[in-house]
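Each remark here refers to the structure printed beneath this line.
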Amino acid sequence: MAKELKQLTKRSENYSQWYNDLVTKADLAEQAPVRGCMIIKPYGFAIWEKMKAQLDSMFKEQGVQNAYFPLLIPKSFFAREAEHVKGFAKESAVVTHYRLKTSDDGKDIIVDPDAKLDEELIIRPTSETMIWHTYKNWIHSWRDLPLKLNQWCNVMRWEMRTRPFLRTSEFLWQEGHTAHATAEEANEMARTMLHVYADFVEKWMGVPVIRGVKSPSERFAGANETYTIEAMMQDGKALQSGTSHFLGQNFAKSFDVTYLNKDNKPEYVWASSWGVSTRLMGALIMTHSDDNGLVLPPLLAPIQVVVIPIWKTQEQFDAISAKLKPVVDQLKKAGISVKYDDSDKKRPGFKYADYELKGVPVRLVMGGRDLESNTIEIMRRDTLEKESVSFDGIAERVETLLDEIQTNIFEKAKKFRDEHIFVCNSYDEFKERIKDGGFFLCPWDGTTETEAKIKEETQATIRCIPFDYDQNVEGLKDMVSGKPAVSRVIIARSY
């Protein structure tokens with residue numbers, strides 16, 4: 001049974017299948033009956049809940065409040081922001097009727113043709129139009145600004161090619177929408193939230209990211225600027241892990257949202273929006289996990305420590321439990337989530353494999369010999385190292401080890417990422433090396449023509465103009481066109 005648990009496709013053999021196997025076998029999610037949708041199972045949802053709780057706390061530190069807006073949006077709302085509609089039209093699911101009925105022969109359920117809606121409704125792919133329609137009723141004076149709201153919800157984007165967590169037709173996310181009196185304030189909010197996302201992903205998820213701004217062709221539909229964090233997966237591909245948008249006054253003008261300034265003159269409001277989704281679950285899986293299963297950062301692991309007693313007699317079980325229970329209580333008091341697995345329904349080997357598969361950061365095991373020698377076996381999931389140590393002070397040792405694991409998985413991922421960032425000024429070299437993955441730091445002439453050619457010929461895209469790299473490009477030429485470069489960009493294949 002233990003061997004059966006570990007039968008994951010190896011990453012080196014088929015990375016895509018390894019990922020799909022892991023999502024299923026680690027009990028994170030499974031396919032739903034509706035094409036492109038997924039059922040998030042309790043273990044997977046527990047990870048998402050931890051992400052959500054931490055992010056929500058960080059949002060509130062920025063003065064953001066939570067609200068909720070409707071799932072269904074009148075089609076006429078979309079028609080009021082042309083670029084926004086253009087960006088989401090192909091992915092939009094439309095509700096046209098409001099009632100079903102039984103067929104004349106009583107055998108089928110059909111759409112009632114007499115129950116056609118007067119106006120078709122869009123299942124939200126994002127909520128800018130609904131929210132800005134609402135803001136018109138809420139914003140009147142400079143005293144009403146800034147308005148900073150967020151909602152946790154689901155959205156629907158009718159994807160043709162889907163993969164659990166990474167790209168699904170329905171997914172969970174948060175979307176923040178803020179209104180401001182000035183362009184500077186709105187743009188600063190967008191940049192601030194990008195750094196909030198980056199801090200969360202790096203410090204809590206242990207995933208290093210590159211912060212930057214999207215090229216004009218990669219911007220969010222209807223935005224003046226789109227800021228992004230880009231993470232590298234173990235196959236060298238990029239995963240956009242969070243975006244934040246400076247929307248200018250586009251939505252304010254489309255929905256006529258104005259305020260009276262301090263001089264009692266009307267002005268259009270300035271806006272930002274920002275969001276992350278259950279795609280972060282995909283980033284978490286693909287950045288750290290191995291051929292044995294998940295590797296979870298302790299800060300997000302539903303179970304941080306599992307404690308397993310091994311016994312032969314009831315007397316031995318009672319003695320081991322009496323020894324271990326105070327440690328379990330001590331760890332719980334320290335805010336650590338602990339599972340004491342004294343079930344006799346599964347063999348120890350099965351338990352070990354199962355908890356490795358699910359990425360539990362620390363495993364403690366005590367058997368009869370350990371009881372006699374006052375020792376305990378401790379194993380860390382990130383390196384699979386285990387050792388027999390003194391039982392004395394084990395709770396404090398575990399607390400320290402969890403911190404070490406959190407740091408180690410970030411440093412390991414960062415080392416991998418940094419070793420796969422390449423400076424490249426030759427298009428021939430780029431076309432050859434991009435096949436093996438990685439981030440390529442290249443000079444760019446700033447034209448959509450060059451960007452489109454790279455995408456067409458290599459399936460790679462400009463991920464961002466990075467903030468943390470020198471943007472002095474004097475004397476550099478675009479590797480494709482040979483024209484003078486205007487910036488350095490990160491180019492990669494992506495999910």
Side-chain angles (χ1 to χ4, degrees), residues 6 8 10-12 15 18-19 22 26 28 43 46-47 50-51 54 197-211 229-236 239 241 280-308 327 331 334-339 352-365 376-390 393-421 438-439 468:
K6 287 196 171 188
L8 296 172
K10 292 187 180 298
R11 288 169 297 171
S12 58
Y15 190 80
W18 165 79
Y19 174 83
L22 193 45
L28 299 177
Y43 192 69
I47 299 171
K50 281 200 163 188
M51 290 182 173
Q54 178 58 26
Y197 288 152
D199 288 346
F200 169 76
V201 172
E202 292 193 336
K203 294 176 182 177
W204 286 75
M205 293 176 57
V207 176
V209 295
I210 289 179
R211 313 175 196 208
I229 51 173
E230 300 287 330
M232 183 187 292
M233 304 298 97
Q234 291 181 71
D235 61 352
L239 184 69
S241 300
L280 290 180
M281 292 283 291
L284 192 70
I285 296 164
M286 289 199 295
T287 301
H288 304 307
S289 302
D290 58 25
D291 289 342
N292 290 331
L294 292 175
V295 175
L296 294 178
L299 288 175
L300 295 178
I303 304 168
Q304 294 171 300
V305 181
V306 61
V307 182
I308 303 175
V327 173
L331 290 171
I336 296 169
S337 58
V338 186
K339 180 173 181 179
Y352 299 164
D354 190 32
Y355 291 120
E356 283 179 25
L357 179 64
K358 292 183 175 178
V360 175
V362 174
R363 184 180 77 211
L364 298 176
V365 177
I376 192 167
E377 182 184 272
I378 185 169
M379 193 205 82
R380 53 187 293 173
R381 177 62 185 87
D382 60 330
T383 62
L384 296 175
E385 295 172 341
K386 61 183 179 181
E387 59 178 329
S388 182
V389 301
S390 172
I394 189 62
E396 292 79 6
R397 184 167 186 149
V398 167
E399 289 187 59
T400 300
L401 182 57
L402 288 170
D403 291 338
E404 290 178 6
I405 293 171
Q406 186 75 33
T407 299
N408 181 61
I409 65 170
F410 173 76
E411 293 299 332
K412 180 181 177 182
K414 186 175 184 298
K415 182 175 184 291
F416 177 86
R417 193 273 311 269
D418 292 347
E419 289 174 349
H420 292 82
I421 297 177
F439 286 3
D468 295 332

Look at the side chain of [X] and the backbone N and O of [Y], then say whether any donor-acceptor pair between them is shorter than 3.5 Å.
{"X": "T400", "Y": "V398", "result": "no"}
{"X": "N292", "Y": "L357", "result": "no"}
{"X": "E404", "Y": "E399", "result": "no"}
{"X": "Q304", "Y": "V362", "result": "no"}
{"X": "T287", "Y": "V207", "result": "no"}

[X] to [Y] - nearest heavy-atom pair and separation:
{"X": "G206", "Y": "A413", "value": "O-CB, 4.0 Å"}
{"X": "L299", "Y": "Q406", "value": "N-OE1, 3.0 Å"}
{"X": "P361", "Y": "I303", "value": "CD-O, 3.3 Å"}
{"X": "G282", "Y": "L239", "value": "C-CD2, 4.4 Å"}
{"X": "L22", "Y": "G293", "value": "CD1-CA, 3.5 Å"}
{"X": "L8", "Y": "D291", "value": "CD1-O, 3.6 Å"}

Electrostatic pair [X]-[Y], nearest N-O below 4.0 angstrom:
{"X": "E356", "Y": "R363", "result": "yes"}
{"X": "E419", "Y": "K415", "result": "yes"}
{"X": "R381", "Y": "D290", "result": "yes"}

task: For F410, enumerate each residue passing the ring pair (Phe, Tyr, Trp, His ring centres under 6.0 Å) test, keeping only those at least two apart in sequence or located in another chain.
output: none
field: F416: ring pair (Phe, Tyr, Trp, His ring centres under 6.0 Å) partners, not counting sequence neighbours
entry: H420
Test item: T407 and D403 side chains (from C-beta on) under 4.5 Å apart, heavy atoms: no
L284 and P297, any side-chain heavy atoms less than 4.5 Å apart: yes
- prompt: Yes or no on side-chain contact (heavy atoms from CB on, under 4.5 Å) for V338 and V306, after CA distance, side-chain angles and deciding distance?
  reply: CA-CA 6 Å; V338 186; V306 61; over 6 Å; no
Test log, rule side-chain contact (heavy atoms from CB on, under 4.5 Å), inputs E387 and M379: CA-CA 7 Å; E387 59 178 329; M379 193 205 82; over 6 Å; no
Rounded to the nearest 0.5 Å, how far apart are [atom1] of [X] and [atom2] of [Y]?
{"X": "M205", "Y": "S241", "atom1": "CE", "atom2": "OG", "result": "6.5 Å"}
{"X": "I285", "Y": "Q234", "atom1": "CD1", "atom2": "CD", "result": "11.5 Å"}
{"X": "I378", "Y": "E385", "atom1": "CD1", "atom2": "CD", "result": "11.5 Å"}
{"X": "I229", "Y": "F200", "atom1": "CD1", "atom2": "CZ", "result": "9.5 Å"}
{"X": "D382", "Y": "E411", "atom1": "CG", "atom2": "CD", "result": "12.5 Å"}
{"X": "I308", "Y": "L364", "atom1": "CD1", "atom2": "CG", "result": "9.0 Å"}

message: Angle between ring planes, Y15 versus W18, binned at 30° and 60°: parallel, tilted or perpendicular?
response: tilted
- request: Return yes when atom NZ of K50 has more than 12 non-hydrogen atoms of other residues, nucleotides or ligands closer than 6.0 Å, and no otherwise.
  value: yes
task: Output, in order, the C-alpha distance, side-chain angles, deciding distance and verdict of side-chain contact (heavy atoms from CB on, under 4.5 Å) for V307 and V365.
output: CA-CA 6 Å; V307 182; V365 177; over 6 Å; no
- prompt: Taking only residues two or more places apart in sequence or in another chain, which ones pass side-chain hydrogen bond (donor to acceptor under 3.5 Å, both in side chains) with R417?
  reply: none
message: For a side-chain contact (heavy atoms from CB on, under 4.5 Å) check, start with the C-alpha distance between M232 and V209, then their side-chain angles and the critical distance, and finish with the verdict.
response: CA-CA 7 Å; M232 183 187 292; V209 295; over 6 Å; no
